[in-house]
Amino acid sequence: MIFYIFFIILLAIAAYCGIKISIIDFRRRIIPDAYLFPLMLIGLLLITFFPFFPIDLSDAVIAATFGYLLTSTIGALYDKRLQKRKSPDTTPIGMGDIKLIGVGGLWLGTSGLSLALIIACITGAIWAHRHKQKYIPFAPFFLMGGFLSFITTVFLL
């Protein structure tokens, strides 16, 4: 009984961190590590100590590593392209977004991470087109896609 109460408390803290990350990224375009680190730690605790969690540890580590490396490579390549043009623009993907996608890989696994990124990119592109913005806060869209992917993983797979 206490095991399930602890599980629900961890999920509630993770939901709080996700909501705070979304709000702060939407307002200030920064993802603070003060909320990102507990989200990562809770994901590791759930994967390690709760056997009914739908993601196993090896899949989570592979997804976190792949998500982090993929997005950091894309960010570095795009940054090099902007430096060649001597554009005053900043890089469109920040380190907070890269770390968030790595944490999302821990929570979602490989298939869940890919579904979350697809949902996030589509909804973010629609929102950017509708509001005519060049850069968008990616965290709210990724967390929404991650939540939908997590629900799909838990209930449909």
Side-chain angles (χ1 to χ4, degrees), residues 1-79 90-125 127-128 135-157:
M1 178 71 176
I2 193 115
F3 192 68
Y4 295 110
I5 292 173
F6 189 62
F7 180 75
I8 291 171
I9 290 171
L10 286 177
L11 286 181
I13 294 170
Y16 174 76
C17 289
I19 290 168
K20 290 298 282 187
I21 286 171
S22 293
I23 291 170
I24 291 171
D25 189 36
F26 194 77
R27 288 183 182 164
R28 297 186 347 200
R29 294 192 182 220
I30 190 169
I31 299 174
D33 289 339
Y35 297 109
L36 197 58
F37 181 72
L39 197 61
M40 178 192 66
L41 190 62
I42 291 170
L44 286 172
L45 285 172
L46 292 177
I47 291 167
T48 305
F49 295 114
F50 292 91
F52 53 86
F53 198 74
I55 308 299
D56 63 337
L57 185 60
S58 62
D59 188 35
V61 170
I62 290 170
T65 305
F66 180 73
Y68 185 85
L69 290 176
L70 177 71
T71 51
S72 61
T73 303
I74 290 171
L77 290 175
Y78 200 87
D79 188 34
T90 60
T91 58
I93 187 163
M95 280 306 293
D97 295 321
I98 292 169
K99 290 184 280 188
L100 180 65
I101 291 171
V103 171
L106 275 177
W107 276 84
L108 302 170
T110 52
S111 61
L113 180 65
S114 60
L115 180 62
L117 284 172
I118 290 169
I119 292 170
C121 289
I122 290 172
T123 55
W127 190 82
Y135 299 117
I136 62 167
F138 192 66
F141 301 108
F142 180 72
L143 289 170
M144 179 185 62
F147 178 74
L148 292 174
S149 175
F150 185 75
I151 295 298
T152 303
T153 303
V154 169
F155 291 114
L156 297 179
L157 296 179

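From a predicted model like this one, the values you see are computed outputs, not experimental measurements.
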#### Entry: Working for side chain to side chain contact (heavy atoms under 4.5 Å, CB included), residues L100 and L143
CA-CA 9 Å; L100 180 65; L143 289 170; 4.1 Å; yes

### Task
Dump the intermediate steps for side chain to side chain contact (heavy atoms under 4.5 Å, CB included) on D97 and T71, then the final yes or no.
CA-CA 8 Å; D97 295 321; T71 51; over 6 Å; no

### Task
With side chain to side chain contact (heavy atoms under 4.5 Å, CB included) as the test, would you mind laying out the steps for F50 and L10 before giving the verdict?
CA-CA 11 Å; F50 292 91; L10 286 177; 3.8 Å; yes

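Distance OH/Y16 to CD1/I19: 9.5 Å, rounded to 0.5 Å. Atom CG of L77 and atom OG1 of T73 lie 6.5 Å apart (nearest 0.5 Å). The CD1 atom of I118 sits 13.0 Å away from the CG atom of L148 when rounded to the nearest 0.5 Å.
Residues L113 and W107 are not in side-chain contact: their nearest non-hydrogen atoms beyond the backbone lie 4.5 Å or more apart. By the 4.5 Å heavy-atom criterion applied to side chains, I93 and F138 are not counted as neighbours. With contacts defined as side-chain heavy-atom distances shorter than 4.5 Å, the pair D59/D56 qualifies.
More than 12 heavy atoms of other residues, nucleotides or ligands sit less than 6.0 Å from atom CZ of F3. Around CZ of F7, the count of heavy atoms belonging to other residues, nucleotides or ligands within 6.0 Å exceeds 12. Under a cut-off of 6.0 angstrom, the local environment of CZ in F53 is crowded, with over 12 non-hydrogen atoms contributed by other residues, nucleotides or ligands. Shown here is Y68, whose OH atom has no more than 12 heavy atoms of other residues, nucleotides or ligands within 6.0 Å.
For S114, the side chain to side chain contact (heavy atoms under 4.5 Å, CB included) criterion is met by no residue, not counting sequence neighbours. By the ring-ring contact (aromatic ring centres under 6.0 Å, His included) test, F141 pairs with W127, sequence neighbours left out.
Of the possible polar contacts, one joining the S22 side chain to the G18 backbone as a donor-acceptor pair under 3.5 Å is found. Between the side chain of T123 and the backbone N or O of A120 there is at least one donor-acceptor pair closer than 3.5 Å.
Between Y4 and F52, the distance from one ring center to the other falls under 6.0 angstrom.
Contact between G109 and A63 at its shortest, heavy atoms only, is C-CB, 3.3 Å. Smallest separation of non-hydrogen atoms from G112 and S149: O-OG, 2.8 Å. Here the closest heavy-atom approach between residue I101 and residue G67 is recorded as CG2-O, 3.8 Å. Nearest heavy atom pair, residue I21 against residue A139, reads CG2-CB, 3.9 Å.
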Just distance, no hydrogens or angles: give the donor-acceptor pairs under 3.5 Å from side chains in residues 26-47, sequence neighbours left out.
residue	atom	partner	partner atom	Å
R29	NH1	Y135	O	3.2
R29	NH2	Y135	O	3.0
D33	OD1	K99	NZ	2.8
D33	OD2	K99	NZ	3.1

